[in-house]
Amino acid sequence: MLVKTNAFMWAAAQCAAVAVLVASLSTVAIAQQQDGGDAHAKIDQGKMTFAQKCSHCHGPNMVNAGTITPDLRRFPDDEPRFVTTVKQGKNGRMPPWGDILSDDDIAALWAYVSSRRAQ
C-alpha cells in the first residue's frame, strides 16, 4: 500500500509541475500577443493621425516629391528630434502641432513613421 501511495504522490507532483509550467508559458504568450497588439494599434492610430493632419504636406503614405517637405520614410531614428519638430514646427514652414496633438498622438505618429522607415 505504501508503494502505491508514494507512486500516486509522485505522479500528482509531476502533474502539478506540468500544470504550473503550462500556466507560466501561457501567461508569457498572452503578454507577448498583447505587446504586439498594442504596437500594431499604435501604428494604426499614427497612420490615421498622419492621414488627417500630415498627409496634405508630407503626402499620402509619406510619399511626396520631396521638394518642400522631407520624405519621412528617411527620417533618422531620432525620436526626441521628431517629437520636438512636431510640437514646435520647423523653420517657419512646418506649423507647430504641440497645442493640437496630444503626446499620445505624437507617440503614435512616431510609431507609424518608424514602421515605414526606408532601409
Side-chain angles (χ1 to χ4, degrees):
M1 183 74 167
L2 183 61
V3 172
K4 287 183 183 179
T5 302
N6 285 340
F8 176 76
M9 290 177 66
W10 184 84
Q14 292 297 318
C15 288
V18 169
V20 168
L21 179 62
V22 168
S24 296
L25 292 175
S26 297
T27 302
V28 169
I30 289 169
Q32 288 174 340
Q33 287 174 349
Q34 288 174 343
D35 288 345
D38 290 346
H40 190 68
K42 190 174 244 186
I43 291 169
D44 288 345
Q45 177 191 352
K47 184 176 182 177
M48 283 193 334
T49 302
F50 183 89
Q52 295 168 350
K53 307 288 187 196
C54 311
S55 65
H56 60 280
C57 290
H58 289 280
N61 297 315
M62 291 185 250
V63 176
N64 67 12
T67 56
I68 297 173
T69 59
D71 184 341
L72 292 178
R73 296 170 299 167
R74 299 197 185 287
F75 194 89
D77 188 13
D78 187 349
E79 183 177 6
R81 177 179 162 196
F82 179 85
V83 170
T84 299
T85 301
V86 172
K87 285 185 174 186
Q88 297 177 3
K90 183 82 173 181
N91 299 331
R93 290 183 163 173
M94 179 176 159
W97 291 92
D99 292 338
I100 298 166
L101 297 175
S102 70
D103 288 344
D104 286 343
D105 291 333
I106 295 170
L109 277 172
W110 175 249
Y112 174 59
V113 168
S114 295
S115 74
R116 302 266 309 179
R117 185 173 295 112
Q119 300 300 325

Sequence neighbours excluded and cut-off under 3.5 Å, please list the side-chain donor-acceptor pairs for residues 77-84, or say none.
from: Asp78; atom 1: OD1; to: Arg81; atom 2: N; distance (Å): 3.2
from: Thr84; atom 1: OG1; to: Pro80; atom 2: O; distance (Å): 3.0

Contacts table for residues 96-108: side-chain donor-acceptor under 3.5 angstrom, sequence neighbours left out:
from: Trp97; atom 1: NE1; to: Pro95; atom 2: O; distance (Å): 3.4
from: Ser102; atom 1: OG; to: Asp104; atom 2: N; distance (Å): 3.4
from: Ser102; atom 1: OG; to: Asp105; atom 2: N; distance (Å): 3.0
from: Ser102; atom 1: OG; to: Asp105; atom 2: OD2; distance (Å): 3.2
from: Asp103; atom 1: OD1; to: Lys87; atom 2: NZ; distance (Å): 3.0
from: Asp105; atom 1: OD1; to: Gln45; atom 2: NE2; distance (Å): 3.3
from: Asp105; atom 1: OD2; to: Ser102; atom 2: N; distance (Å): 3.2

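Remark: the backbone N or O of Tyr112 is paired with a side-chain donor or acceptor of Ser115 at under 3.5 angstrom.
Interatomic distance, Met62 CE to Arg117 CZ, rounded to the nearest 0.5 Å: 9.5 Å.
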Walk me through it: do Val63 and Arg73 pass the test side chain to side chain contact (heavy atoms under 4.5 Å, CB included)?
-> CA-CA 8 Å; Val63 176; Arg73 296 170 299 167; 3.8 Å; yes
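Of all non-hydrogen atoms in Gly46 and Leu109, the two that sit nearest each other are O-CD2, 3.5 Å.
For the side chain to side chain donor-acceptor pair (under 3.5 Å) condition, no pair includes a residue of residues 53-62, sequence neighbours left out.
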